[in-house]
Amino acid sequence: MKEKELKKLKVGDVLAMKEYREEMKKVMLSEEQLVRKATNMALYNRAHLCRTSVDRMKEKGVWDVENMIASFSLVMQKKLIGFSKVERDYIYLIGCTAFRQTMKRLGVEKIGVS
């Protein structure tokens, strides 16, 4: 994309992009792999592993790319209902990570998401 086009982009525009969906999918897969590794280590060490945020998202039926993007949008608007603060913070973290990676991929070096 050209620099002028990048400067005119709004967060909603980025969330609707194919690149953002791909980055969200990568971040979610990475999180699932971390949970799998932690579960395997807990089983190996005969330790107890508590439920993770990924488990909670799966239980609520939100753990797919489209629902996570929609939930991230609602978290940013402070309109997500039915989720605990920890769950909202986790959705925000996943969404911001994917957003940063998307912006890097599009060629924007310095971004600030608040």
Side-chain angles (χ1 to χ4, degrees):
M1 289 186 118
K2 295 181 181 178
E3 192 172 333
K4 285 183 180 180
E5 292 173 346
L6 288 173
K7 287 184 179 180
K8 291 182 181 180
L9 279 179
K10 296 180 181 174
V11 174
D13 298 334
V14 175
L15 296 183
M17 295 176 112
K18 175 184 77 166
E19 290 88 352
Y20 183 77
R21 281 180 173 66
E22 291 170 3
E23 292 299 330
M24 178 65 86
K25 184 183 257 185
K26 287 179 188 177
V27 172
M28 290 172 64
L29 286 173
S30 174
E31 290 293 311
E32 285 179 338
Q33 288 173 350
L34 287 173
V35 169
R36 248 184 258 122
K37 284 181 183 178
T39 303
N40 289 339
M41 288 299 291
L43 290 172
Y44 179 76
N45 293 322
R46 297 180 184 172
H48 177 71
L49 185 66
C50 297
R51 287 186 331 143
T52 63
S53 296
V54 173
D55 297 331
R56 290 185 191 105
M57 296 297 114
K58 285 180 179 179
E59 288 171 4
K60 291 192 177 216
V62 181
W63 194 251
D64 64 74
V65 175
E66 296 302 322
N67 284 333
M68 284 296 284
I69 292 172
S71 298
F72 176 58
S73 177
L74 289 172
V75 165
M76 290 186 13
Q77 298 171 25
K78 298 188 187 298
K79 294 183 178 181
L80 187 64
I81 298 172
F83 291 79
S84 69
K85 177 163 177 23
V86 172
E87 293 166 343
R88 290 191 309 266
D89 289 346
Y90 183 72
I91 292 169
Y92 182 77
L93 175 71
I94 297 293
C96 284
T97 303
F99 186 83
R100 281 189 204 96
Q101 291 174 352
T102 303
M103 295 308 282
K104 282 182 185 177
R105 189 171 168 185
L106 294 174
V108 177
E109 293 300 319
K110 295 182 181 179
I111 50 175
V113 178
S114 56

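For the numbers below, each heavy atom of this structure counts, side chains included, while hydrogens, waters and symmetry mates do not.
- Ser73 meets the side-chain contact (heavy atoms from CB on, under 4.5 Å) test with Leu15, Gln77; sequence neighbours excluded.
- Screening residues 61-73 for salt bridge (Lys or Arg N to Asp or Glu O under 4.0 Å), with sequence neighbours left out, gives Arg21-Glu66.
- Identified under the salt bridge (Lys or Arg N to Asp or Glu O under 4.0 Å) test for residues 84-99, with sequence neighbours left out: Lys60-Glu87, Lys85-Asp89.
- When all heavy atoms are compared, the tightest approach of Ser53 to Val86 is OG-CG1, 4.4 Å.
- Met76 and Met17 fall within the same hydrophobic cluster, defined by Ile, Leu, Val, Met, Phe, Trp and Tyr side-chain heavy atoms under 4.5 Å apart, directly or through other members.
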Distance-only criterion, 3.5 Å: show the donor-acceptor pairs between side-chain atoms of residues 24-32 and protein atoms not counting sequence neighbours.
residue, atom, partner, partner atom, Å
Glu31, OE1, Tyr90, OH, 2.8
Glu32, OE2, Trp63, NE1, 2.6

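- Using a 30° and 60° split on the angle between ring planes, Tyr20 and Phe72 fall in the parallel class, below 30°.
- The hydrophobic clustering, which links ILVMFWY residues whose side-chain heavy atoms are closer than 4.5 Å, places Ile91 and Leu34 apart.
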Inset, instruction - Run the numbers on Met68 and Val65 for side chain to side chain contact (heavy atoms under 4.5 Å, CB included), then give the verdict. - result: CA-CA 5 Å; Met68 284 296 284; Val65 175; 6.0 Å; no

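- For the pair Phe83/Val75, no side-chain contact is recorded, criterion being any heavy-atom separation below 4.5 Å from C-beta on.
- Taken together through direct or relayed side-chain contacts under 4.5 Å among Ile, Leu, Val, Met, Phe, Trp and Tyr, Leu93 and Val14 form parts of separate hydrophobic clusters.
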Please list, one pair per line, the donor and acceptor atoms closer than 3.5 Å that link side chains of residues 35-50 to other protein atoms, with sequence neighbours excluded.
residue, atom, partner, partner atom, Å
Thr39, OG1, Val35, O, 2.8
Asn40, ND2, Arg36, O, 3.4
Asn45, ND2, Met41, O, 3.2

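- Contact detail for Ser71 and Val62: the closest heavy-atom pair is OG-CG1, 3.4 Å.
- Under the side chain to side chain donor-acceptor pair (under 3.5 Å) criterion, Gln33 pairs with no residue, sequence neighbours left out.
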